[in-house]
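Here is the structure we will look at, set down as structure tokens.
This chain uses plain numbering: 1 for the first residue, then up along the sequence.
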Amino acid sequence: MAFCTGAGPRGGSGWGSVSREITPQRDEAGSCPRQALSGTLSLHQLHSVVLHHAGRSHLEEYGRDLDQLAEGDRVGIQRSSRGELHLWVNGQDCGTAASGLPPKLWAVVDLYGKCTQVTVVSCEPPPPPSVEKETVEQEEEEGEEEEVVVLSCTHSRPDKFLNNLDPDIAGSTGDSGNTNNAPAGNGGVGPAVVPVAMTTNDALLFHEKCGTLIKLSNNNKTAERRRPLDEFNNGVVMTNRPLRHNEMFEIRIDKLVDKWSGSIEIGVTTHNPNNLDYPATMTNLRSGTIMMSGCGILTNGKGTRREYCEFSLDELQEGDHIGLMRKASGALHFYINGIDQGVAAAQTPGVVYGVVDLYGMAVKVTIVHNHNHSDRLRRNNAIMRALSPDVGRPRPSLSLTPDAEAPDRLLFHTNCGQKAAIISEGRTALRPHATDDFNHGVVLSSRPLRSNEVFQVRIDKMVDKWAGSIEIGVTTHNPAYLQLPSTMTNLRSGTWMMTGNGVMHNGTTILDEYGHNLDRLKAGDTVGVVRKEDGSLHFFVNGVAQGPAAWNVPPSVYAVVDLYGQAAQATIMDDMADLPPLPEDGSEGPTATSPGSPCSVGGASATNDLRFHQLHGTNAVITNGGRTALRQNCRSEFNDAIVISNRCLRDGELFEIIIQKMVDRWSGSIEAGVTAIRPDELEFPNTMTDIDYDTWMLSGTAIMQDGNTMRNNYGCDLDSLTTGSRIGMMRSASGDLHYYINGVDQGVACAGLPPEVYAVIDLYGQCVQVSITSSSGPLDNSLCTSNITEKSFPIQSPVAGVAHRLHSKHGKNVVLLGEGCQAIRVGGYAHGIVFSAKELKADELFEVKRAAGLDEQWCGSLHIGLTTLAPPELPSCPLSGLSPSLPQLRAKVTWLLCGSEVRRNGVLQRQNYCCSLDRLTVGNRVGVKRCSDDTMHIFIDGEDMGPAATAVAKNVYAVLDLYGRITAVSIVSSSLTEDVESPKAPSLSSDSCSEGEEDNDETPTLCRRQTEAEPAAPVPTIMAFLENHGKNIQLSNQNLTAARVSSYNQGLLVTAQPLARQQLFQVAIDRLNPSWTSSLSLGVIGHSPDRLNFPSTACCLKRSAWLLQRDSVFHNSLKICENYGPNLDTCPEGTVLGLLVDANSCLHLYVNGMDQGVAAQDIPSPCYPFIDLYGQCEQVTIVTNNVPAVGGDGGEARCQGDMEKADMVDGIKESVCWTPPPEVNPNKTCEYQALCSRFKDLLTLPDGYFNEDAKYNLCYCESCHKLRGDEAYYKRGEPPRDYALPFGWCRFALRIKPHCEVSNALKKWHIAYHGTSVGALRRMLDHSELLPGTSSIFSVSPVKTDGPNSYSEPEENSAPGREVPRVRLSPTMRYSGMEIFAPKVQFKDPRSHRCHQAQVGFQVCVRPGSYKVGPHTLGNSEPLDPRFSNAEIEWITKEQGGTLLYGLLVRVE
């Protein structure tokens, strides 16, 4: 018996190395000693060059020094039939090491010192010829006593592969020289002939002559590049002799470094190594050389095949094997870990040498003579990048029985991710420590899926700690040989995965918005996947088919589930009864097939077979069956991404693509055009405008021919296009080139094009990814938006009005174009139901025109009728509530015309009603009308076919079914009248009063409003939140209330209805959580939210989004405005926030009914409001009874006779604003007000001075006054006089002592301000007025005379010889709050322990007539306040009792 191990790819740099031993005692208790020498049992150990027995030295200087072995060396231990111990090193017997060994032994390996990893290999050495006969004879005589397994030439070796990769000659002996073992052509395990003895000169070795940096070792079987961290080339090595026919030349990668780009290259050359002057790299050789480099083939240094296989040599790792073979037919094949990659070159010269270029990362390789790959495939991750690891491997026969208990039932494979486990007999997979790790949870099915077999799992357990959730898909990789990645989307070959609501192929996104978002699933939900017979891939969510996700998926794929993020456990569901049946006719997928795939109908592909060619620029990648092209490394590469159509464009054929992804890193963008150069003849340049012949391109606004500009300022600018824009090219029959932007013809770009031209797209600069649209094909001008409302028909629409539109809810195979005026069915024959956007009025005709070519592979035609099913009631995502066809629509009452039959809910009501709709051709018009007598009429080309049905309900929508041959329609009718969407925005008065400026005895929520009569406005659209929202959102109250139930983000939600122009949408903040920072944000998006993939926060919305966050405005995550409105983070509970888009498409923010002005312009229509419940904001509710704004008509308006005299002075009515209820007061959350309050507490003023109701305390910081919508100036008193609000200060309301004039003071007195010092506060508060003799700068001073520096005589009523005291006031705190009047004092905040400076002052009521208005006394020339001139900014009063303290003002810096 022989036991052999091989050193793995890892090793340490410490001391010592592996030691080998055998012991007669089995260690079942697991009590292994730290080191083999520490054992005291009967044990023989080989350590270094010394043989130990029972821990003592037994034989010195024996065999090879094990400390000198390197990675890749093999060490074996053998007990002979005579009880002798033999050591084998790299297949060489080192002789007898010990004798008298007991018959029952266990092999022992001590991974000591430098040796860190070994692998058991099948490496039984052939016995010497002299011993072979004797051993066989003893085996016959002694039976089981001989434990050395020796196989003669006739014995089969189940662990060896066949010697030949050609299945035609497998098993044949070949010539005597063909002695090297090679993997079998079928990749399987089968009988083989053991090779005869091979001489040293016959073995493939590296030639002595090699590159200047190459060092050969191991008998010239190993080559290593010196100074790998300093040099990256000059590492070419060749074989010592030419390769024989069907002989495998295989090497193993032993060492790589991470410093360089590029890696190993391998191939053949006709050059004799003895005569060759070795180049720095083999691809520099310009003759007789074929090399595989990366994933391509280079012949004589030039690329001949760019994508030879679906992985790159640059991605191989240490331990991977690369081989090549020249077949007898002359074909050259390459092998990766034993897997044939196909024909690389058809005709190879008869005499070629194998050549290896240790380039870049590749440092060391070794020639492999034993080509057994079974063990290595289990540990090499390079097999993940192979196209199919199961090629040629025998598969188990698949039974078609549906019995769930059959042996081939779908289970999870035992080979699973590092953090995953399989339980319940293979039916359940879980991550046991889901709260500690979020990945390494990949599990695969135990066998491949059959065609049309659904693999479905139920989510059993979720955790809330992570983002992301379950992912599901298929892969070509066999789980038995796959080294599972941390997440399946990291796999770069043979894999299709649905992740979130997108689909990825080989780690690249091919569909951005597909189906239901898996990240929002909960425990109990189910997900499934199926591969149909036509190669299309479909996913299911809770039993609902999500439509085709990919095409041309190869057969025999394994199902994959990635328990990622929140998904912690899933179970395979055997019961598929709830799943809808899959159509057998391929109706779920598009009719177009990729190149090379069979077409079901001969003519079907004639209009839909346009794809991107397999040849393309260096940085381009073609995915999605040739329909999608993208530029890899888009942030580091901006060019080399040219793609071209797979065939010539026919006359009048449109080639149209849609831009799916852009980056803002580069200047310039997509370029599009045509070329007469065939793809296989095109040397792809960096950019297509570098071509100097037979090429016409549109770059920006310039038309270029052969690289030269022939025309500027063409009708469109490609550099201005954004994501979602469509670009089309068409060569007309006259040879003119037309461009189409979003379906609109831009006119003739150039003329005189040759008849055969290919479409060319250059993914340049900002443009990263495009896909061919379903509109590509023979162009029908009726599909252009410019022709939608064309007035060329005898009967167009009943009356002029707004063009009809189609509703955004429709069948899953429908795409709407032209702002809802066109509908196109992009796949299958069904799922083409569309609705009118609104209910039809009585006698309103809804009419469409047949467009585009007929799809002749289907039968059936258009269905049209009326239905009571309201499209807004349909689920948003996925559209699972619609039947495949209109006759099957039974949810509500539906009347329809099908062919020439009238049906009600699918039941036949009338036959031969009119000519059959099956006869429709391009240009025919079909309409439906609900008449005032409750009958349904059908119109064909404007002719009324008479009543088709009676007793039709009043509230009905028009409904159509793009069924069978009919694939597209365009609307040609208009509504009866111009729809008034919503009432106008509330008109806001500029003269509004501030909250709390009324008398304290009045309730501040009582507001007076203007009484001008306004016309009655139509009822606005009732708004509600969409069911599709962030995963932490929970809706209630009929979707009017939204609450964030966990975390601080993932709280994005959007309304189900678009926001009409002039309609105010408002929400109230219900609940705040002070544990978080920041708060809600809101805005609008310009696209339908039905399939929106909600990010974690609103600031991540980067497509047609306008966001109001804090006090800034963002557009597509870029800040466009600062200091707009109040800081939304300071909005307290009860604040009402609103959004309005005016008639000029400008966005306004309303705070408690106050318009904050224009936030953004050019808002598209329709747009949808969204709210982000972020941070502190945890719950909001839509305000259904619109909060009236200034000038609004809400509330009861008082008659003019009921007003106080102070409200109407000289015909000027005082404007009083609407104010929020008391609980809206921002003092709950305003940090500035809290800081001012803490300073007031430090003054130790008695509480009796202040109003007990804190709701009268007002903060005038920037956020608070904007939240209230305060104006800067107001009028007060009789007669009215202006005063400014004390912006930047905080007011604490004072208790007002009742006396005779108080009742009129607050209404008839004027408002002014007085700055003072902290020391003067107490005396003034004691008397409730400003008093002379205080320490304030405004205290007593002699009354000046008219002349300077002189004093007037005392007034009559003054006491003789006594100076008349006076006090200075001002209508603005910009003057009274100056430091000369209100000196600053320093204090330390007891809460934050920071030092601040504070000022104090008073807001006072002043009796009219008790003061004089005069100029300021500071000598400043610049105006202090724009509303008050310096000549009237100071008021002087000398009357005692003429002032009344209204509030204490505090300002803190």
Checklist entry - With a 4.5 Å heavy-atom cut-off, do Thr1055 and Phe1065 have their side chains touching? => result yes
Next on the checklist: Run the ring-ring contact (aromatic ring centres under 6.0 Å, His included) test against Phe846 and tell me which residues pass, sequence neighbours left out.
Outcome noted: His804
Checklist entry - So do the side chains of Leu521 and Val541 get within less than 4.5 Å of each other, counting heavy atoms only? => result yes
Item to check | Short side-chain to backbone donor-acceptor contact, Arg910 and Ala949, under 3.5 Å | outcome: no
Checklist entry - Does a donor on one side chain sit under 3.5 Å from an acceptor on the other, for Asp961 and His863? => result yes
Next on the checklist: With heavy-atom distances below 4.5 Å as the criterion, would you say the side chains of Ile1033 and Phe1025 are in contact?
Outcome noted: no
Next on the checklist: Using 0.5 Å steps for rounding, measure from the CD1 atom of Ile833 to the OG atom of Ser883.
Outcome noted: 6.0 Å
Checklist outcome for this item: Taking every heavy atom of Arg1061 against every heavy atom of Cys1167, the minimum-distance pair comes out as NH1-SG, 4.2 Å
Checklist entry - Parallel, tilted or perpendicular: which fits the ring planes of Tyr963 and Tyr829, with parallel below 30° and perpendicular above 60°? => result perpendicular
Item to check | Close side-chain approach of Leu896 and Pro887, heavy atoms under 4.5 Å | outcome: yes
Next on the checklist: Under a 3.5 Å distance rule, please check whether Asn1039 uses its side chain to pair with a backbone N or O of Glu1027 as donor and acceptor.
Outcome noted: no
Next on the checklist: Just so I know, are the side chains of Met936 and Val928 near enough to count as touching, which here means a heavy-atom distance under 4.5 Å?
Outcome noted: yes
Checklist entry - Is there a donor-acceptor pair closer than 3.5 Å between any side-chain N or O of Asn742 and the backbone N or O of Arg726? => result yes
Next on the checklist: Test: side-chain hydrogen bond (donor to acceptor under 3.5 Å, both in side chains). Region: residues 944-959. Which pairs qualify, not counting sequence neighbours?
Outcome noted: His937-Asp944
Checklist outcome for this item: Distance col, row Arg805:CZ vs Gln822:CD, nearest 0.5 angstrom, shows 10.5 Å
Checklist entry - Once you round to the nearest 0.5 Å, how far does CZ of Phe939 lie from CZ of Arg925? => result 11.0 Å
Checklist entry - Any donor and acceptor pair, going by atom type alone, linking the side chain of Arg825 with main-chain N or O of Leu962 inside 3.5 Å? => result yes
Checklist entry - If we only count heavy atoms from C-beta on, is the Asn912 to Ser900 side-chain gap below 4.5 Å? => result yes
Checklist entry - Where the side chain of Asp745 meets the backbone of Tyr740, is there a donor-acceptor pair that is under 3.5 Å apart? => result no
Checklist entry - For the side chain of Gln1062 and the backbone of Ala1060, is there at least one donor-acceptor N/O pair under 3.5 Å apart? => result no
Next on the checklist: Just verifying a value: how many Å separate Arg930 CZ and Glu839 CD, rounded to the nearest 0.5 Å?
Outcome noted: 10.0 Å
Next on the checklist: Using 0.5 Å steps for rounding, measure from the CD atom of Glu533 to the CG atom of Asn452.
Outcome noted: 4.5 Å
Checklist entry - Are a donor atom and an acceptor atom from the side chains of Asn1028 and Arg520 found within less than 3.5 Å of each other? => result yes
Next on the checklist: Ignoring hydrogens, what is the shortest heavy-atom contact between Leu917 and Leu862? Give both atom names and the distance.
Outcome noted: CD1-O, 3.3 Å
Next on the checklist: The test is side-chain contact (heavy atoms from CB on, under 4.5 Å); show your working for Asn501 and Tyr514 and say whether it passes.
Outcome noted: CA-CA 5 Å; Asn501 67 341; Tyr514 168 83; 5.8 Å; no
Checklist entry - Where do Ile1182 and Ala1024 come nearest, in terms of heavy atoms and distance? => result CD1-CA, 3.7 Å
Can you give each donor-acceptor pair under 3.5 Å made by side-chain atoms of residues 867-875, sequence neighbours left out, with the distance rounded to 0.1 Å?
{"unit_1": "Thr867", "atom_1": "OG1", "unit_2": "Leu869", "atom_2": "N", "d": "3.1"}
{"unit_1": "Thr867", "atom_1": "OG1", "unit_2": "Val893", "atom_2": "O", "d": "3.4"}
{"unit_1": "Thr867", "atom_1": "OG1", "unit_2": "Thr894", "atom_2": "OG1", "d": "3.0"}
{"unit_1": "Thr868", "atom_1": "OG1", "unit_2": "Val893", "atom_2": "N", "d": "3.1"}
{"unit_1": "Thr868", "atom_1": "OG1", "unit_2": "Val893", "atom_2": "O", "d": "3.3"}
{"unit_1": "Glu873", "atom_1": "OE1", "unit_2": "Lys892", "atom_2": "NZ", "d": "3.4"}

Checklist outcome for this item: Residues Leu897 and Tyr913: closest non-hydrogen pair is CD1-CD2, 3.8 Å
Next on the checklist: Before you tell me yes or no, could you show the steps for Ser536 and Arg531 under side-chain contact (heavy atoms from CB on, under 4.5 Å), namely the whole-Å CA-CA distance, both residues' side-chain angles and the distance that decides it to 0.1 Å?
Outcome noted: CA-CA 6 Å; Ser536 61; Arg531 179 201 174 273; over 6 Å; no
Next on the checklist: As a quick check of understanding, evaluate side-chain contact (heavy atoms from CB on, under 4.5 Å) for Val969 and Ile971, giving each step before the final call.
Outcome noted: CA-CA 7 Å; Val969 294; Ile971 295 178; over 6 Å; no
Checklist outcome for this item: Minimal heavy-atom distance between Ile940 and Cys915, with the atoms involved, is CD1-SG, 3.6 Å
Next on the checklist: Evaluate Ile658 against Ser771 for side-chain contact (heavy atoms from CB on, under 4.5 Å), listing each step before the verdict.
Outcome noted: CA-CA 5 Å; Ile658 184 171; Ser771 285; 4.3 Å; yes
Next on the checklist: Just verifying a value: how many Å separate Thr935 OG1 and Lys929 NZ, rounded to the nearest 0.5 Å?
Outcome noted: 9.5 Å
Checklist entry - Do Asp519 and Phe1094 come within less than 4.5 Å of each other through their side chains, counting heavy atoms only? => result no
Checklist entry - Between Leu816 and Ser808, what is the shortest heavy-atom contact and its length? => result CD1-CA, 4.1 Å
Next on the checklist: Surrounding CD of Gln888 (heavy atoms of other residues, nucleotides or ligands, distance under 6.0 Å), is the total greater than 12?
Outcome noted: yes
Checklist entry - Is a side-chain donor or acceptor of Asn542 paired with a backbone partner of Asp525 at a separation under 3.5 angstrom? => result no
Item to check | pair Leu889-Leu886: side-chain heavy atoms closer than 4.5 Å | outcome: yes
